[in-house]
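Notes follow once the structure below has been shown.
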Amino acid sequence: LMDALDGRIARLIKGTSKMGKELDSLGDVISFGVAPALIMYFWNLQYLDKLGWFVCLIFVVCVALRLARFNINSEEEPSWKDNFFEGMPSPAGGIIVLMPLIFSFSGFGELVKINYDLLVPIFFIVISILLISTIPTYSFKTIVIQRSMTKFLLFGIVLFFGALLVYTFKVLAISSFIYICLIPISYFHYKKIKKEKNITSDG
């Protein structure tokens, strides 16, 4: 939530700077790279010993590379591509990599027998690859909400955060699963728009 607000507030009060941009990225590496990696290591990856640390290090490095690429891409001219991120964004990666832990705390883990010792390292590697990949994912930054729909949006936001307070891990688990399901949808949506834009430009 703070990561979503800090840049907007800085632009609102005209307090943006290159130093602030770099500090923001440093904070993101710690919040969405180092912190989730340490949490998951002490929760599950300890049994791998040095290999566990290596898996965590791969994830942290991929988060740092993802943020470096984001800083470079953010300097480009605005276009329809702003609706999509190139690869999984680091905040999403920091949450999704915690999904096995969230799932186990949510109570859903009792319904399905899961081998976390196998799942967690695989999850780390897959999320690390998605972070540095070029697979387009929805950014949700340029969505325009009709004025008539504003009250429903506000109601939905209040409902979501209310449910998050009461059923924290269940809501996080479901939200993370929905986000993962959106990745292939965003990929095909991006390809469709790109094809339409190419046809228009050729015409």
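Predicted model only: the values in this text are computed from it and were never measured.
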Taking the side chain as every heavy atom from C-beta outward, state whether [X] and [Y] have any atom pair closer than 4.5 Å.
X: F124; Y: V120; answer: yes
X: S139; Y: F84; answer: no
X: T134; Y: R69; answer: yes

If you look at every heavy atom in [X] and [Y], which pair is closest and at what distance?
X: S25; Y: L67; answer: O-CD1, 3.6 Å
X: P121; Y: Y116; answer: CD-O, 4.1 Å
X: V97; Y: P36; answer: CG1-CB, 3.7 Å
X: S128; Y: F59; answer: OG-CA, 3.3 Å
X: R66; Y: G87; answer: NH2-O, 3.8 Å
X: L131; Y: S90; answer: CD2-CA, 3.9 Å

In sequence, state the C-alpha distance, the side-chain angles, and the governing distance for T137 and Y179, and then conclude on side-chain contact (heavy atoms from CB on, under 4.5 Å). CA-CA 9 Å; T137 57; Y179 182 83; 4.0 Å; yes
If hydrophobic clusters are built by linking Ile, Leu, Val, Met, Phe, Trp and Tyr wherever their side-chain heavy atoms come under 4.5 Å apart, do [X] and [Y] end up in the same one?
X: L65; Y: I127; answer: no
X: I183; Y: I178; answer: yes
X: F32; Y: L38; answer: no
X: F42; Y: M40; answer: yes
X: L57; Y: F123; answer: no

Working to the nearest 0.5 angstrom, can you tell me the gap between [X] [atom1] and [Y] [atom2]?
X: M88; Y: I132; atom1: CE; atom2: CD1; answer: 12.5 Å
X: F108; Y: I102; atom1: CZ; atom2: CD1; answer: 11.5 Å
X: K192; Y: K195; atom1: NZ; atom2: NZ; answer: 10.5 Å
X: D28; Y: L23; atom1: CG; atom2: CG; answer: 11.0 Å

The test is side-chain contact (heavy atoms from CB on, under 4.5 Å); show your working for I96 and I180 and say whether it passes. CA-CA 8 Å; I96 299 299; I180 291 172; 3.9 Å; yes
Quick check: does any side chain N or O of S133 sit under 3.5 Å from a backbone N or O of L130, one acting as donor and the other as acceptor? yes
Would F105 and T168 satisfy side-chain contact (heavy atoms from CB on, under 4.5 Å), going step by step from the backbone distance to the final call? CA-CA 9 Å; F105 286 178; T168 305; over 6 Å; no
Return the orientation label for the W53 and Y41 ring planes: parallel under 30°, perpendicular over 60°, tilted otherwise. parallel
If you apply the rule ring pair (Phe, Tyr, Trp, His ring centres under 6.0 Å), what do you find for F85 with Y138, and how did you get there? CA-CA 6 Å; F85 285 122; Y138 287 124; over 10 Å; no
Is the number of heavy atoms from other residues, nucleotides or ligands within 6.0 Å of OH (Y47) greater than 12? yes
Between I95 and S176, does a side-chain contact (heavy atoms from CB on, under 4.5 Å) hold up when you go through it step by step? CA-CA 8 Å; I95 295 172; S176 299; 3.9 Å; yes
